[in-house]
Amino acid sequence: MRLRNIPGARDVIADTSFCIKEPEKLKGKWALKVFKNNNPIHIEIGMGKGQFIMELAKRNPEINYIGIEKYSSVLLRGIQKMEAMEEPLKNLVFIRFDAEYITDIFDEEEIDKIYLNFSDPWPKDRHAKRRLPSKEYIARYRQILIKGHTVEFKTDNIDLFNFALEQIPEAGAELVVKTFDLHSDPVLNEGNIMTEYEERFSSQGNKICKCIIRV
Ligand code: SAM
């Protein structure tokens, strides 16, 4: 998702307390310094406008959430939604950051769970390393996740999903479970929170794929 450049988006991000600045300085200290507790931290990489992570945070106040988005113009929408809330969520913050450098901002075993939703497909072979479920990214997730913990990946893009399934063993990770039709799977769909893209593509009749990866 790349919205047109929105003038002033960077200023809003610089000014809001919902968005964490200089995240590198918080490596190893997120729970205590940002959330001021010891609760587990779940992150969504490529959160877009934030619908999914905001609903998760509402439902699970005992978990700390960090939404990561590369582009200011997209992140701005999430910030505006938080600002419009009567009681902004205390267990959710945002970062404008490129996840390629995610190991610069989180320490070993600092993260309890990672969500990837409708990640950009980067269809050209030469861009495969940029795909968020690539083996290069899985290696980064392994560095920051607690041992044995998981990445949850959803997409309607079958090529990207099959790519992820191939990458899992190549990365030395383990496929815990997969479905090619999430919304018809009573077990995996239980408590499912739809993202913006999931609502859009499933309303067009696309099936949603999901897998859980133990890295
Ligand atoms: N997750 C949302 C959803 O399902 O509705 C948005 C999906 S959109 C197709 C993918 C998002 O991931 C875009 O907003 C894009 O800017 C972001 N993104 C892509 N690569 C990223 C990266 N390396 N680091 C952080 N965000 C990234």
Side-chain angles (χ1 to χ4, degrees), residues 1-6 9-10 12-13 18-21 23-24 41-58 65-82 92-106 111 113-124 126-141 143-145 151-161 163-164 167 179 182-183 188-189 191-204 206-213:
M1 183 190 305
R2 202 173 301 189
L3 298 183
R4 68 194 155 73
N5 185 38
I6 298 179
R10 280 179 181 256
V12 172
I13 289 168
F18 301 130
C19 192
I20 299 295
K21 272 64 81 177
E24 295 85 353
I41 301 175
H42 294 190
I43 65 175
E44 183 187 7
I45 301 177
M47 61 166 247
K49 298 177 191 169
Q51 171 170 307
F52 172 84
I53 198 160
M54 289 179 80
E55 183 57 31
L56 263 183
K58 264 185 228 161
Y65 290 95
I66 302 174
I68 302 172
E69 171 52 52
K70 192 167 162 180
Y71 292 105
S72 310
S73 49
V74 186
L75 180 56
L76 177 67
R77 301 301 184 206
I79 293 168
Q80 287 170 334
K81 282 191 229 164
M82 278 279 257
L92 171 63
V93 294
F94 302 131
I95 323 175
R96 185 178 62 77
F97 194 74
D98 183 341
E100 183 176 352
Y101 308 104
I102 196 141
T103 56
D104 292 348
I105 60 173
F106 298 120
I111 300 303
K113 189 182 281 203
I114 298 177
Y115 294 99
L116 307 175
N117 291 316
F118 297 79
S119 308
D120 293 335
W122 292 105
K124 292 186 179 137
R126 69 171 191 277
H127 291 147
K129 285 183 187 174
R130 298 184 190 176
R131 298 173 192 153
L132 293 181
S134 66
K135 59 180 187 287
E136 289 79 9
Y137 270 96
I138 292 175
R140 297 178 182 119
Y141 305 149
Q143 282 190 55
I144 62 170
L145 267 178
V151 178
E152 299 201 3
F153 172 50
K154 290 196 281 190
T155 183
D156 70 319
N157 185 313
I158 193 70
D159 291 336
L160 183 64
F161 192 65
F163 169 81
Q167 295 287 287
T179 175
L182 175 64
H183 296 171
L188 284 179
N189 200 43
N192 181 52
I193 295 173
M194 299 251 255
T195 78
E196 280 102 346
Y197 271 61
E198 186 171 355
E199 284 184 347
R200 188 191 306 170
F201 291 128
S202 60
S203 73
Q204 291 169 8
N206 294 9
K207 298 250 190 301
I208 307 302
C209 305
K210 175 172 178 172
C211 67
I212 300 182
I213 309 163

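We count ligands from 1, going down the list as the structure has it; atoms in each ligand are counted the same way. Note: hydrogens, waters and symmetry copies are ignored here, and every other heavy atom, side chains too, is used.
Less than 4.0 angstrom separates some heavy atom of Phe118 from each of these atoms of ligand 1: 4 (O), 7 (C), 8 (S), 9 (C), 10 (C). Ligand-side atoms of ligand 1 in range of Thr195: 3 (C), 4 (O), 5 (O), range being under 4.0 angstrom from any heavy atom. Residue contact check: Tyr71 has heavy atoms under 4.0 Å from atoms 16 (O) of ligand 1. For ligand 1, the atoms sitting less than 4.0 Å from at least one non-hydrogen atom of Phe97 are 24 (N), 25 (C), numbered in the order shown with element in parentheses. Under a 4.0 Å criterion applied to the non-hydrogen atoms of Asp98, ligand 1 contributes the atoms 22 (C), 23 (N), 24 (N). Atoms of ligand 1 found under 4.0 Å from any heavy atom of Glu196, numbered from 1 in the order shown, are 5 (O).
A donor-acceptor contact shorter than 3.5 Å is absent between the side chain of Glu69 and the backbone of Lys49.
In this structure, of Lys49, Lys70, Glu69, the residue bringing a heavy atom nearest to atom 17 (C) of ligand 1 is Glu69.
Annotation: side chain of Ile114 is in contact with side chain of Ile144 (closest heavy-atom distance under 4.5 Å). Looking at heavy atoms from C-beta onward, Met82 lies in side-chain contact with Leu92 at the 4.5 angstrom threshold. In this structure, the side chains of Ile6 and Arg77 come closer than 4.5 Å at one or more pairs of heavy atoms. Considering only heavy atoms from C-beta on, Lys113 stays 4.5 Å or farther from Tyr65 through its side chain. Using a 4.5 Å heavy-atom threshold, the side chains of Lys207 and Ile158 count as separate.
With salt bridges taken as basic N to acidic carboxylate O contacts below 4.0 Å, one links Lys81 and Glu196.
Residue Tyr137 places a heavy atom under 4.0 Å from ligand 1.
For Tyr197, a nitrogen or oxygen atom sits less than 3.5 Å from a nitrogen or oxygen atom of ligand 1, counting backbone and side chain alike. Below 3.5 Å of separation, one finds no N or O of Ile68 facing any N or O of ligand 1. Here's the thing with Asn117: one of its N/O atoms is less than 3.5 angstrom from an N/O atom of ligand 1. Every N/O-N/O distance between Glu100 and ligand 1 stays at or above 3.5 Å. Residue Ala99 has at least one N or O atom closer than 3.5 Å to an N or O atom of ligand 1.
Proximity of Phe52 to ligand 1, defined as any heavy-atom pair under 4.0 Å, is not found for any part of the residue. When heavy-atom distances to ligand 1 are checked against a 4.0 Å cut-off, Trp122 has no atom that comes that close, whether in backbone or side chain. Residue contacts with ligand 1, taken as heavy atom pairs separated by less than 4.0 Å, involve Glu44 solely via side-chain atoms from C-beta onward.
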Can you list, pair by pair, the side-chain donor-acceptor contacts under 3.5 Å of residues 129-136, counting residues two or more places apart and other chains?
| unit_1 | atom_1 | unit_2 | atom_2 | d |
| --- | --- | --- | --- | --- |
| Arg131 | NE | Pro121 | O | 3.0 |
| Arg131 | NE | Trp122 | O | 2.8 |
| Arg131 | NH2 | Trp122 | O | 2.9 |
| Arg131 | NH2 | Pro123 | O | 3.4 |
| Arg131 | NH2 | Lys124 | O | 3.4 |
| Ser134 | OG | Arg131 | O | 2.9 |
| Ser134 | OG | Glu136 | OE1 | 3.4 |
| Ser134 | OG | Tyr137 | N | 3.3 |

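Ring geometry for Tyr115 versus Phe52: interplanar angle over 60°, hence perpendicular rather than tilted (30 to 60°).
Glu198 pairs by the salt bridge (charged side-chain N to carboxylate O under 4.0 Å, His left out) definition with Lys154, not counting sequence neighbours.
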